[in-house]
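First up is the structure itself, then whatever we jot down about it.
Note on naming: letters A, B, ... go to the chains in the order of the sequence lines (proteins, then strands), and numbering restarts at 1 for each one.
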There are 2 protein chains.
Amino acid sequence: MSQAVTSVPHPIPVDLSDLIAQRFRVIGEPLRIRLLDHLRDGESSVHALTNALGATQQNVSKHLQVLFQAGIVARRKDGTTAMYRIVDSSVFDLCELVCGGLQRQVAEMNAVVRGETR
Amino acid sequence: MSQAVTSVPHPIPVDLSDLIAQRFRVIGEPLRIRLLDHLRDGESSVHALTNALGATQQNVSKHLQVLFQAGIVARRKDGTTAMYRIVDSSVFDLCELVCGGLQRQVAEMNAVVRGETR
DNA sequence: GGCATTGACAACTGTACGGTCGTAGACCAT
DNA sequence: ATGGTCTACGACCGTACAGTTGTCAATGCC
């Protein structure tokens with residue numbers, strides 16, 4: 001699907017780098033990552049997410065707003081509750097890639113600590 | 001060994017979300033993205049990167065420091081010049097994934113603008 | 001109707017960080 | 001040795017943003 005394009009040649013346009021950076025910053029918040037992780041099970045309400053994450057309702061609502069404006073989640077009003085769901089699931093691929101890099105670094109640090117201290 | 005790629009089950013640990021978020025913030029700066037994009041062609045010196053990006057030497061050095069401490073680039077001293085190279089090429093996969101999401105959004109916005117406003 | 005609950009918005013505060021300036025240290029050439 | 005070049009470090013300033021608090025609109029329940 002969206003696997004095809006992904007141009008971004010070496011001379012990356014400045015505007016594009018701004019957009020990409022902005023996107024990364026949106027996902028670069030711990031609470032937002034945990035929010036998305038919970039939404040992985042399906043759509044959920046602000047109240048449920050608030051209880052699940054142990055954060056205040058206002059803060060959860062605020063971060064969901066950021067994710068909504070970034071086009072990562074969608075909102076649906078169900079009577080009195082607002083239901084949020086993920087519409088751009090590529091964020092999970094991003095997290096998995098990052099985790100791969102982190103695990104690589106941990107392994108490397110382990111090797112160093114265990115005796116190859118340079 | 002550390003081959004277990006991308007665990008991160010639904011109840012994501014808070015510590016891990018912090019690590020992932022920190023990682024995203026490292027890449028979430030336009031200048032750093034452009035820096036990495038230039039290093040895609042191979043290792044380069046601070047001076048060369050400074051000229052290529054039109055930024056100040058101090059700023060380039062500073063951002064390279066951040067990328068270095070994050071384990072994304074490596075440093076090599078060649079006489080009087082410092083040569084930087086990429087050691088974690090997964091950042092490019094990250095950028096491509098983000099670009100895919102962006103293009104999807106642009107396409108959607110185009111569709112809306114062109115008449116399906118409904 | 002009156003009350004409680006849910007979610008969003010606005011204002012505020014503290015902190016973190018990007019960018020710049022100045023300077024110190026290391027290396028090379030003459 | 002001296003001057004010039006390249007890089008890194010420390011300090012400062014301005015901005016951006018995360019988190020909190022307070023308030024209001026909308027809805028459901030009695």
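Atom CD in B:Gln65 sits roughly 10 Å away from atom C1' in D:dT7 (whole-Å rounding). Rounded to whole Å, the distance from CD on B:Glu29 to P on C:dG18 is 5 Å. Per the geometry, CG belonging to B:Leu35 stands 13 Å off P belonging to D:dT7, to the nearest Å. Here the P atom of nucleotide D:dT15 and the CZ atom of A:Arg25 are 16 Å apart, to the nearest Å. For the pair A:Gln22 CD and D:dA16 P, the interatomic distance rounds to 13 Å; values are reported in whole Å. Between the CD atom of A:Gln57 and the P atom of D:dC24 there is a distance of 16 Å, rounded to whole Å. At whole-Å resolution of the value, CG in A:Leu53 and C1' in D:dG19 are 15 Å apart. Atom P of nucleotide D:dA18 and atom CD1 of A:Ile33 are separated by 12 Å, given to the nearest angstrom.
Among the protein residues, A:Gln58 comes within range of the nucleic acid bases, having at least one heavy atom under 4.0 Å from a base atom. Within 4.0 Å of B:Lys77, counting heavy atoms only, lies no atom of the nucleic acid at all. Within the 4.0 angstrom heavy-atom criterion, only backbone atoms of the sugar-phosphate kind lie near A:Thr81; the bases stay farther away. When heavy atoms are screened at a 4.0 angstrom cut-off, A:Tyr84 is found touching the sugar-phosphate backbone but no base atom.
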Inset, instruction - Start with the C-alpha gap between B:Arg23 and A:Glu29, add the side-chain angles, then the distance that decides, and say whether salt bridge (Lys or Arg N to Asp or Glu O under 4.0 Å) holds. - result: CA-CA 10 Å; B:Arg23 190 80 167 193; A:Glu29 294 306 315; over 6 Å; no
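A cation-pi arrangement is found for B:Arg75 relative to B:Phe68, the charged atom lying closer than 6.0 Å to the ring centre and inside a 45° cone about the ring normal.
Which of D:dA18, C:dT20, D:dC9 sits closest to the side chain of B:Asn59 comes down to C:dT20. Of the candidates C:dG18, D:dT7, C:dA8, the closest approach to any side-chain atom of B:Lys62 belongs to C:dG18. The nucleotide whose nearest atom lies closest to any side-chain atom of A:Val46 is, among D:dG19, D:dG28, C:dA8, C:dA8. Nearest nucleotide to the side chain of A:His47, out of C:dG19, D:dC9, C:dG7: C:dG7.
Put simply, A:Arg75 has a side-chain N or O that comes within less than 4.0 Å of OP1 or OP2 on C:dA8. Phosphate proximity of D:dC17 to A:His63: absent, as no side-chain N or O sits under 4.0 Å from OP1 or OP2. Dashed line: the shortest gap from a side-chain N or O of A:Arg32 to OP1 or OP2 of D:dA18 is under 4.0 Å. Between A:Ser61 and C:dA8, a side-chain N or O to OP1/OP2 separation shorter than 4.0 Å is present.
The two residues A:Ser45 and A:Met83 come nearest to each other via the heavy atoms CB-SD, 3.8 Å.
Using a distance-only test at 3.5 Å, with no hydrogens or angles considered, a donor-acceptor pair links the side chain of A:Thr50 to the main chain of A:Val46.
Ion pairing between B:Glu96 and B:Arg40 holds under the 4.0 Å rule for side-chain N and carboxylate O.
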